[in-house]
Amino acid sequence: MEKPSLPKGTRDFGPQTMARRNFILQSIRSVFQKFGFQPLETPAMENLSTLTGKYGDEGDQLLFKILDSGDFLKNVDATKLETRNSKLVANDISEKGLRYDLTVPFARYVVMNRHEITLPFKRYQIQPVWRADRPQKGRYREFYQCDADVVGTDSIICEAEIILMIKEVMALLRIADYTIKINHRGVLNGIAETMNATGKEADLFVAIDKLEKIGEENVRKELSEKGFTTQQQDKLFELLKTPGSPEQKLNTLLNAFATSASGKKGIDDLKTAFDLLGHYQSSSDHVDFDVALARGLSYYTGCIFEVKINNVAIGSVSGGGRYDNLTQAFGSKEKLSGVGISFGIDRIYDAMDELNLFPVEANASSKVLICHFDDNTLQHGLALLTALRQKGISSEVYPEVSKLKKQLDYANKKSIPFTIVIGEEELKTEVFAVKNMTTGEQQKWSTEQIIQHLA
RNA sequence: GUGAAUGUAGCUCAGUUGGUUAGAGCACCAGAUUGUGGUUCUGGGGGUCGCGGGUUCGAGUCCCGUCUUUCACCCCA
């Protein structure tokens, strides 16, 4: 008999883990709903044609493909098969794949249901996604994304609200030390134009993004290898090192981008976003204009976001940005601009775990355990149990007759905060011993008093 | 996908140049305590040493393969 095991990069979530995951999930969901987003779910699998070509060559490699049913090799071209090149035959034997993110299925949904969608359309979506990546810490092959997107408006209000939502989620999770990095694709293009590197954006941006991780020296080394002159590099780092507050940086860069239309547009959008935060009576605390942030290059066209929890060795816990042409990839003639944010709850979990940030409430299951001594007291406990449940107090009874010690141990292990002991004496007086498992204090209460105190 | 490291009880780890029956702490179960837990004491259960081959009189220890996890690259939540 083979030992059971899980596919690489996937996990089971036990009750304790689920309680904490739900705590995170519910925090995020409540914020999304508060900001007017409506739920959407899409299938785990999509047609491969929906998924391929949307994430760049790298992304296509990471797609999980689903083998066609039936006799899928029957009609495959024999000469193709003989090449033994799996890439050549992949499309002939697989027409479906597991979704890689939630944004592309959302875009597909919008195009397919355009007639019944009122713009601007705000949806949130919380579902697992799959990537055939090599697993590492904080990187899984199956993980959940929590996305909120708005399509059908260019308004920077949406960008500002994304920042507000991130702040609210972090506050609910009691994560205090985090940074929302924000940049703009236009700023990146402006940099490329200003340093005379148009046409080589891809190499440039990939190198820029590594600045924080590998430092200026190594970035310069990489740029030299890619054929950037020292002069270009000097100009680049002059821009990247623009000093001051976000506002000061924006002003300095605006001057630097005098000849770059997209650079100016980028600065403009970012300025608007920062201004709007003020109108929302919010601050730019935690928000950092990071000129070196370059993510999601294959489809973001406007603002780019990334959220890092500080002092944990885990990648970004959230990312997002504005995209102009996602629906065009599905043949939509109308140009729909969208902007969205995605929280990775698996990484948030890992970070909170490492920082010991889970509140005790996130562990509790039942609030009350009813303990007893024999069949008679057990049976009478059921009436009390029903009374408690009718008042919405989540409670359970120890389902078999056993020693009190064992029942109290059970309550401890499940972090049940109150126990009620029912014995012959309690049956006569109808006053029960209610024990606070944290303090050890014990009170004598009637059913009404119990409900009053615990509801 | 490329390159590297790791794997001994549920968990964290010991285990000498290859040599009897592989250990500890924590956790678990039982008792001390027939209506009061998280402390203490006593006892107990639990390991095909990741899996499969090989070398050897003999392998947890050496070699090869494989899987898992981790790290770097790539990319990303």
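Below, read A as the first sequence line, B as the second, and so on, with proteins coming before strands; counting in each chain starts at 1.
Using a 4.0 Å heavy-atom criterion, one finds that A:E424 contacts the bases of the nucleic acid, with or without backbone contacts as well. Residue A:T438 is classed as a base contact, given a heavy-atom separation below 4.0 Å to a base.
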*What string of B, S and - do you get for nucleotides 71-77 of chain B 5' to 3' if you count protein non-hydrogen atoms under 4.0 Å?*
SBBBBBB

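In this structure, the CD1 atom of A:I420 is 18 Å from the P atom of B:U36, given to the nearest Å. The interatomic distance linking A:K8 (NZ) with B:C67 (C1') rounds to 8 Å, in whole Å. For A:F373 and B:G37, the CZ to C1' distance is 13 Å, given to the nearest whole Å. Summarising the geometry, the separation between CG on A:D409 and P on B:C28 is reported as 8 Å, rounded to the nearest angstrom. In this structure, the CG atom of A:N436 is 15 Å from the P atom of B:G37, given to the nearest Å. As rounded to whole Å, 15 Å separates atom C1' of B:G35 from atom CG of A:N376. Rounded to an integer number of Å, the gap from A:K405 NZ to B:G37 P is 7 Å. Separating the CG atom of A:L6 from the C1' atom of B:U69 is a distance of 13 Å, rounded to the nearest angstrom.
Figure legend: cation-pi geometry between A:R322 and A:Y300 absent, as NZ or CZ is not positioned both under 6.0 Å from the six-membered ring centre and within 45° of its axis. Because its NZ or CZ atom is not both nearer than 6.0 Å to the ring centre of A:F37 and within 45° of the ring axis, A:R123 does not count as a cation-pi partner of that residue. Remark: A:R295 is not positioned above the aromatic ring of A:F205, lacking an NZ or CZ atom under 6.0 angstrom from the ring centre and at most 45 degrees off the axis.
For A:R141, the side chain to side chain contact (heavy atoms under 4.5 Å, CB included) criterion is met by A:K8, A:F64, A:P135, not counting sequence neighbours. Applying the side chain to side chain contact (heavy atoms under 4.5 Å, CB included) criterion to A:L357, with sequence neighbours excluded, gives A:I175, A:M352, A:L355. Remark: A:F418 pairs with no residue by the ring-ring contact (aromatic ring centres under 6.0 Å, His included) rule, at least two apart or across chains. Shown here are the salt bridge (Lys or Arg N to Asp or Glu O under 4.0 Å) partners of A:D324, two or more places apart in sequence or in another chain: there are none. Among residues two or more places apart in sequence or in another chain, the ring-ring contact (aromatic ring centres under 6.0 Å, His included) test is passed with A:Y349 by A:F358.
To the nearest 0.5 angstrom, A:L240 atom CG is 11.0 Å from A:Q233 atom CD. Within the model, atoms CD1 of A:I314 and CD1 of A:I348 stand 10.5 Å from one another, a figure rounded to the nearest 0.5 Å. The line from OG1 of A:T377 to NE2 of A:H372 is 6.5 Å long, rounded to the nearest 0.5 Å.
A:R389 places a side-chain N or O within 3.5 Å of a backbone atom of A:S395 that can act as its donor or acceptor partner.
Here, B:A27 and B:G38 have their C1' atoms 14 Å apart, quoted to the whole Å. Rounded to whole Å, the P atom of B:G60 lies 14 Å from the corresponding atom of B:G53. One C1' atom belongs to B:U17, the other to B:U21, and the distance between them is 23 Å to the nearest Å. Comparing the same atom, P, in B:U69 and in B:U12 gives a spacing of 15 Å after rounding to whole Å. Annotation: B:G25 and B:C63 have their P atoms spaced 32 Å apart (nearest Å). With C1' as the reference atom, B:G7 and B:U68 are 8 Å apart, rounded to whole Å. Comparing the C1' positions of B:C76 and B:U39 gives a spacing of 48 Å, expressed to the nearest Å. If you take atom C1' in B:G52 and the same atom in B:C28, they sit 32 Å apart, rounded to whole Å.
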*How far apart are the C-alpha atoms of A:E216 and A:K241, what are their side-chain angles, what is the distance that settles it, and do they pass the salt bridge (Lys or Arg N to Asp or Glu O under 4.0 Å) test?*
CA-CA 11 Å; A:E216 177 173 344; A:K241 286 178 182 167; 2.8 Å; yes

*Could you walk me through whether A:F32 and A:Y124 pass the ring-ring contact (aromatic ring centres under 6.0 Å, His included) check?*
CA-CA 7 Å; A:F32 285 170; A:Y124 75 88; 5.8 Å; yes

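Using a 4.0 Å cut-off between a side-chain N of Lys or Arg and a carboxylate O of Asp or Glu, A:K34 and A:E168 qualify as a salt bridge.
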Taking N or O atoms only and anything under 3.5 Å, show me the protein contacts with nucleotides 8-12 of chain B, one pair per line.
none

N/O-N/O pairs, protein side and nucleotides 41-45 of chain B side, under 3.5 Å:
none

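Under the ring-ring contact (aromatic ring centres under 6.0 Å, His included) criterion, the residue pairs touching residues 155-188 of chain A are A:Y178-A:H286, with sequence neighbours excluded. Pairs engaging residues 426-455 of chain A under the ring-ring contact (aromatic ring centres under 6.0 Å, His included) rule: A:W445-A:H453 [sequence neighbours left out].
Pairs of Watson-Crick or G-U wobble type, with distances under 3.5 Å, assemble into runs of 3 or more in RNA chain B at these ranges: B:1-5 with B:69-73, B:10-13 with B:23-26, B:28-32 with B:40-44, B:50-54 with B:62-66.
Here the side chain of A:E426 is nearest to one of B:A30, B:G35, B:G37, namely B:G35.
In this model, a side-chain donor or acceptor of A:N412 finds a partner on the base of B:G37 within 3.5 Å.
For A:K413, no side-chain nitrogen or oxygen approaches OP1 or OP2 of B:G37 to under 4.0 Å.
A heavy atom closer than 4.0 Å to some atom of RNA chain B occurs in A:G440, A:Q442, these being the qualifying members of residues 439-448 of chain A.
A:Q125 pairs in a side chain to side chain donor-acceptor pair (under 3.5 Å) with only one of the listed residues (A:D147, A:T103, A:D149, A:T42), which is A:T42.
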